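Each remark here refers to the structure printed beneath this line.
When reading the values below, keep in mind they use all heavy atoms of this one structure, side chains included, and skip hydrogens, waters and symmetry mates. Note that the coordinates shown come from a computational prediction; the quantities given were computed from them, not determined experimentally.
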Amino acid sequence: MNHPSHVVSGITGLVANRCFNFSAGPAMLPQDVMLRMQEEFLHYQQCGASVMEISHRGETFMALAEKAEHDLRALMDVPDDYAVIFSHGGATHQAAFLALNLTAPTDKAGYVINGHWSDKAHKQAVPYCDAQVLDNTVDIDYQDIRLDVFERLDPSLAYVHITSNETIHGVQYQQAPQTGDVPLIADMCSDILSRPLDVRDYGMIYAGAQKNIGSAGLSIAIIRRDLLERQPRPIADVLNYAKQAERDSMVNTPPTHGWYVAGKVFEWLREQGGVKAMHEINQRKAKQLYETIDCSGGFYRNHIATHVRSIMNVPFQLPNQTLTDLFLAQAAEHGMVGLKGHRAVGGVRASIYNAMPESGVVCLRDFMKTFQQTHG
Ligand SMILES: *Cc1c(COP(=O)(O)O)cnc(C)c1O
């Protein structure tokens, strides 16, 4: 694409004054997507108004909504017997909705806790069912994932819940654990669309949009349709997955702008070659950073077991807080922002979702090396 109204730097590939934004979420969006949205900000296609100003039931929006769902289904190869719901709220809403929709108060549901977000998902379910913690790796500071818990599952569980990528700790399942007849539910907030997967391994996948999909306020749920038939308790239509699926996510006004942004990102992902191509890039990006950490002689440290290190969020520690603060300040001066680690773990965290270009990671890698040479 040509964007004559913008000066794009040849070194970073970024429009002037834009930084490489390593924020964990809301996170960086692909620059090309932003520029396209800017072009049509005041009048979307031929409708004479912004996409934010038009009826969700009108032809223009309905076409956009359908295309977004179509593109998502194509990207993830979502089978027809799975519903896709575009919903208000974040991943935490979904964590509550799913317990509300898929369990009766006396049902047991299993939670495997590998970090902050799986713990929070469990807490959302506690009011609605017998939400059992099957394993909690807090005893090893969330530095590894224990898979043996999946070998002895109680077959009467309503589902098993995991968080496929723990955004704060940087620990990630390498593949879907096998759960037999117990439906597996995964919070994929921070790694959806980052790598190929088989949707059939899951009863449900969900994510808030603001990390690897689009902007905050929208969340997406992909649910196997047989689970929608459970109807374990009376649920208001607006919170009811079955009703939302039946009414194409339009029980009420959906988050139209968020849906539009997501659609733009899906289009962009398909142009990039889809999830498989993104995965190759994502693996290369993560490798650059982990190699720099591992070859730093202990100046930079990441404690996660190497086989479960996240390719989306790379947290690392420096020798002390003074150096950490200096690192963050100097990185910002070099056009790299959003690197501060979550307050729960401190240090530095580089979130390198699909939208982070390889040039951003190379820039960070080179900065890390120079910083170590000066201060190591
Ligand atoms: C960010 C995040 C959440 C929380 O998302 P909200 O949209 O703020 O509710 C949940 N799970 C994971 C894995 C996350 O990264």
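Met368 and Ile293 make their closest contact through CE-CG1, 3.9 Å (heavy atoms, listed as atom of the first residue, atom of the second, distance). Of all the heavy atoms in Met76 and Ile205, the pair that sits closest is CE-CD1, 4.3 Å. Of all non-hydrogen atoms in Ala96 and Tyr128, the two that sit nearest each other are O-CE1, 3.9 Å. Scanning all heavy atoms of the two residues, the minimum distance from Ser219 to Ala91 falls at CB-N, 4.4 Å. Taking both residues in full, the closest heavy atoms of Leu218 and Ala262 are given as CD2-CB, 3.8 Å, listed atom of the first, atom of the second, then distance. Scanning both residues, Arg349 and Thr167, for their nearest heavy atoms gives NH1-O, 2.8 Å.
A 6.0 Å sphere centred on NE2 of His375 holds more than 12 heavy atoms belonging to other residues, nucleotides or ligands. A 6.0 Å sphere centred on CG of Asp148 holds more than 12 heavy atoms belonging to other residues, nucleotides or ligands. Taking a 6.0 Å sphere around CD of Gln132, one finds it holds more than 12 heavy atoms contributed by other residues, nucleotides or ligands. Annotation for Asp80: atom CG does not count as buried by contact number, only 12 or fewer foreign heavy atoms lying within 6.0 Å. Surrounding CG of Asp181 are at most 12 heavy atoms belonging to other residues, nucleotides or ligands under 6.0 Å away.
Under 3.5 Å, the side chains of Ser164 and Gln172 contain no donor-acceptor pair of N or O atoms. Counting only N and O atoms by type, the side chains of Tyr241 and Gln94 include a donor and acceptor under 3.5 Å apart. For the residue pair Asp191 and Asn212, no side-chain donor N or O sits within less than 3.5 Å of a side-chain acceptor on the partner. Judged purely by distance below 3.5 Å, without hydrogens or angles, the side chains of Glu40 and Tyr260 pair a donor atom with an acceptor atom. In this structure, a donor-acceptor pair under 3.5 Å is absent between the side chains of Asn240 and Gln244. Using a 3.5 Å distance cut-off with no hydrogens or angles, the side chains of Arg195 and Asn282 do not pair a donor with an acceptor. Looking at Gln288 and Arg365, their side chains do bring a donor and an acceptor atom within 3.5 Å of each other.
Between the side chain of Thr163 and the main chain of Asn165, no donor-acceptor pair closer than 3.5 Å is present. A distance-only check finds no donor-acceptor pair linking the side chain of Glu69 to the backbone of Asp248 [under 3.5 Å]. For Asp237 (side chain) and Lys243 (main-chain N/O), no donor-acceptor pair under 3.5 Å exists by modelled atom type. Looking at Asn354, its side chain does come within 3.5 Å of a backbone N or O of Leu193 through a donor-acceptor pair. Put simply, the side chain of Thr137 never gets that close to the backbone of Ile140: no donor and acceptor are under 3.5 Å apart. The main-chain N or O of Val15 is found under 3.5 Å from a side-chain atom of Gln31 such that the two form a donor-acceptor pair. Remark: the backbone N or O of Gln143 is not paired with any side-chain donor or acceptor of Asp141 at under 3.5 angstrom. In this structure, Asp71 contributes its side chain and Ala68 its backbone to no donor-acceptor pair below 3.5 Å. Judged by distance alone, with hydrogens and angles left aside, the side-chain atoms of His334 form a donor-acceptor pair with the main-chain N or O of Gln330 at under 3.5 Å. A donor-acceptor contact shorter than 3.5 Å is absent between the side chain of Arg309 and the backbone of Ala286.
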Under the salt bridge (Lys or Arg N to Asp or Glu O under 4.0 Å) rule, what do Arg224 and Asp81 come out as? Steps first, then yes or no, please.
CA-CA 6 Å; Arg224 213 172 61 213; Asp81 58 326; 5.7 Å; no
Checking Leu153 against Thr179 for the side chain to side chain contact (heavy atoms under 4.5 Å, CB included) test, could you report, in this order, the C-alpha distance in whole Å, the side-chain angles of both residues, the deciding distance, and whether it holds?
CA-CA 7 Å; Leu153 287 179; Thr179 56; 3.7 Å; yes
Can you list the steps and then say if Arg233 with Thr103 is a side chain to side chain contact (heavy atoms under 4.5 Å, CB included)?
CA-CA 8 Å; Arg233 52 159 67 83; Thr103 64; 3.9 Å; yes
Going through the distances and angles, do Phe22 and Met336 end up as a side chain to side chain contact (heavy atoms under 4.5 Å, CB included)?
CA-CA 7 Å; Phe22 291 88; Met336 289 170 281; 3.7 Å; yes
Check the pair Glu166, Ser118 against side-chain hydrogen bond (donor to acceptor under 3.5 Å, both in side chains), reporting the backbone distance first and the verdict last.
CA-CA 8 Å; Glu166 281 286 354; Ser118 38; 2.5 Å; yes
Stepwise, does the side chain to side chain contact (heavy atoms under 4.5 Å, CB included) test hold for Arg225 with Tyr82?
CA-CA 5 Å; Arg225 293 189 198 273; Tyr82 284 69; 5.7 Å; no
Residues Lys108, Ser156; criterion side-chain hydrogen bond (donor to acceptor under 3.5 Å, both in side chains); working and verdict
CA-CA 7 Å; Lys108 289 177 286 184; Ser156 72; 3.1 Å; yes
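For the pair Lys211 and Trp117, the distance from NZ or CZ to the six-membered ring centre is under 6.0 Å and the angle to the ring normal is within 45 degrees.
Rounding to the nearest 0.5 Å gives a distance of 9.5 Å between OG1 of Thr60 and CD of Gln46. Here OG of Ser50 is found 6.5 Å from NE2 of His257. Values are rounded to the nearest 0.5 Å. Atoms CG and NZ, on Leu72 and Lys67 in that order, are 11.5 Å from each other to the nearest 0.5 Å. A distance of 6.0 Å separates CG of Leu364 from CG of Leu339, quoted to the nearest 0.5 Å. From Ile145, atom CD1 reaches atom CD1 of Ile113 across 13.0 Å, with rounding to the nearest 0.5 Å. One distance of note links CG of Leu328 with CG of Leu326; it measures 9.0 Å at 0.5 Å rounding.
In this structure, the side chains of Leu197 and Met188 come closer than 4.5 Å at one or more pairs of heavy atoms. Using a 4.5 Å heavy-atom threshold, the side chains of Met34 and Arg18 count as touching. Here the side chains of Tyr206 and Met204 are in contact, with some heavy-atom distance below 4.5 Å. Leu157 is listed as a side-chain neighbour of Val160, based on a closest heavy-atom distance under 4.5 Å. Within the 4.5 Å cutoff, the side chain of Pro232 has no heavy atoms near those of the Leu102 side chain. Side-chain contact between Tyr111 and Asp119 is absent, with no heavy-atom pair separated by less than 4.5 Å. At least one side-chain heavy atom of Arg57 sits under 4.5 Å from a side-chain heavy atom of Met250. Using a 4.5 Å heavy-atom cutoff, the side chains of Asn313 and Tyr353 are in contact.
Screening Leu29, Val265, Ile220 for a side-chain contact (heavy atoms from CB on, under 4.5 Å) involving Ile213 leaves a single residue, Ile220.
Ring to ring, Phe327 and Phe367 are close: their centroids are under 6.0 angstrom apart. Close placement of the His342 and His116 rings is indicated, their centers lying within 6.0 Å of each other. For Phe61 and His56, the ring centers are positioned 6.0 Å apart or more.
Relative ring orientation between Phe371 and Phe299 is described as tilted, the plane-to-plane angle lying within the 30° to 60° band.
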